[in-house]
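So the structure is just underneath, and the comments pick up after that.
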Amino acid sequence: MTDMVKLWKLHIKKQMHQYLFPITFLYLFLLPYHMQLLTDMDEAGMVQVFDSAQKYLLLFEIWFQYLGFRMVLSPELKEASYSCVKKIKGRWMLGNLCFSFLCFLPYALWMFFHCGTYYGNLLPVLVQCIIAASMMYTVMYFLQSATGGMAVMVFYFFCCASRVVPEPFRILRLGILPLSCFPHWCMMLVISIFVSFFVSLRILFM
Amino acid sequence: MENVMIEINRIKKKLGKKEVLKGISLQLKPSVYGLAGANGAGKTTLLRILAGVMNADGGEIVMPEGSGQTGYLPQKFGCFPELTVYEQLEYFACLKKIPASCMESEILRALECVNLGGKEKMKCRKLSGGMVRRAGIAQALLGNPALLLLDEPTVGLDMEERKNFNRVVREMEGERTVLLSTHLAEDLKNLCQSVIILESGEVREVVPETYD
């Protein structure tokens with residue numbers, strides 16, 4: 001475990017500015033913006049708040065996964081480190097996820113205590129982040145590229161945001177409260193595929 | 001490590017429809033072995049299997065107990081530009097699970113072995129081609145592996161850098177098993193005690209003979 005912690009410290013130290021940028025944006029711009037919107041606790045205001053929360057948290061999650069795998073999957077280091085990396089990459093992805101959630105935690109707690117009876121909508125937003133991280137991890141695994149994974153996920157994100165992707169295939173559901181989006185068959189299918197993928201390749205437990 | 005014998009038994013590998021390795025068997029002692037052959041003979045595939053980057057379709061590799069992880073310098077190796085030399089080796093040391101208590105000393109030892117001592121704080125983007133290659137050997141030496149795999153290590157190096165590199169490899173003679181894949185006759189002649197010639201996925205000849 002100490003070696004993973006040391007690896008984490010190295011990643012964060014060398015990419016400090018890249019990690020700080022979304023965190024600064026979240027707490028200096030997005031949080032005050034949501035504070036303003038939450039002055040009236042009506043559904044229209046809540047929809048606006050959760051729409052922007054979904055969009056930005058998803059983008060930040062994609063960015064954090066990219067930063068986490070940028071060194072690991074770099075063309076310079078990939079081949080020489082592959083035999084070691086393949087044993088830890090599942091745990092590394094989970095570590096990236098936990099780290100991003102740790103960074104989002106104060107914002108999430110603030111939302112939880114300030115959006116009244118709508119606090120349950122926070123959970124689907126966080127579940128979306130987990131699904132996006134899993135999808136991105138799978139894409140990066142097959143492309144063997146962090147940049148490729150990020151490009152695919154950002155493209156998919158913008159297709160969802162602009163509603164180009166048909167509704168059953170969209171992670172991002174805008175214009176309605178996240179809790180109103182019941183898990184549909186496509187989302188369950190995507191989740192099942194990822195879970196079977198992880199279990200069959202024993203990625204998470206390697 | 002003088003008595004360590006690494007056994008490679010009937011290693012097979014198919015890539016797509018092509019059988020790239022058709023049952024390679026070798027016994028390797030602590031020495032520097034050259035791996036030669038035409039393009040497509042299976043040299044890089046064999047090295048990648050030995051390094052654990054790829055799985056073999058058949059056969060086994062027997063490494064003696066306590067021999068440590070295998071050190072591997074691939075053909076495509078570079079330094080991550082934002083890291084310093086020390087940080088790059090620290091990255092590999094973490095992946096190889098070298099204990100934190102001896103990580104620093106291990107990294108400095110590896111850098112001394114490749115004549116990069118004193119350059120720990122240098123940014124990787126400032127390293128010359130030869131220094132990058134030597135940093136590559138340093139990362140391969142972390143953990144004191146019994147088997148060191150070098151894939152076309154002198155490609156792109158000028159004469160001076162090649163001399164420096166060859167000196168480093170020669171110093172390892174007898175300490176560990178080094179398997180060096182190269183097209184350069186000069187490297188085979190100057191560095192290698194034995195040369196393994198691969199042809200179409202099979203061992204065609206070993207000069208001089210190293211297995212029964």
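Keep in mind the model is a prediction, meaning the values are calculated, not measured.
The interface of residues 107-128 of chain B with chain A, defined by heavy-atom distances below 4.5 Å, comprises Lys123(B). Residue-level contacts of residues 77-102 of chain B with chain A, in order of numbering, are Phe77(B), Gly78(B), Cys79(B), Phe80(B), Pro81(B), Glu82(B), Leu83(B), Glu87(B), Gln88(B), Glu90(B), Tyr91(B), Phe92(B), Cys94(B), Leu95(B), Lys96(B), Lys97(B), Ala100(B); threshold 4.5 Å between heavy atoms. Heavy-atom neighbours of chain B within the stretch residues 51-71 of chain A, taken at a separation under 4.5 angstrom, comprise Arg70(A), Met71(A). For a heavy-atom cut-off of 4.5 Å, chain A lies close to Arg48(B), Ala51(B) in residues 42-51 of chain B.
Heavy atoms from other residues, nucleotides or ligands lying under 6.0 Å from CD of Glu104(B) number 12 at most. Other residues, nucleotides and ligands contribute only 12 or fewer heavy atoms inside 6.0 Å of the CD atom of Glu186(B). Within 6.0 Å of OH on Tyr119(A) lie no more than 12 heavy atoms contributed by other residues, nucleotides or ligands. Annotation for Phe29(A): atom CZ does not count as buried by contact number, only 12 or fewer foreign heavy atoms lying within 6.0 Å. When the shell of 6.0 Å around CZ of Arg10(B) is examined, it contains 12 or fewer heavy atoms from other residues, nucleotides or ligands. Within 6.0 Å of atom NZ in Lys14(A), more than 12 heavy atoms from other residues, nucleotides or ligands are found, so the atom counts as buried in its surroundings.
Only the side chain of Lys13(A) has a heavy atom closer than 4.5 Å to any heavy atom of chain B. Of the two parts of Gln75(B), neither the backbone nor the side chain holds a non-hydrogen atom closer than 4.5 Å to a non-hydrogen atom of chain A. When heavy atoms are compared at a cutoff of 4.5 Å, Leu10(A) approaches chain B solely by way of its side chain, counted from C-beta outward.
For the residue pair Glu79(A) and Pro74(B), the shortest heavy atom distance occurs at CG-CB, 3.1 Å.
Ranked by heavy-atom pairs under 4.5 Å with chain B, the list Ala80(A), Ser83(A), Ser74(A) is led by Ala80(A).
Put simply, the side chain of Lys76(B) never gets that close to the backbone of Leu77(A): no donor and acceptor are under 3.5 Å apart.
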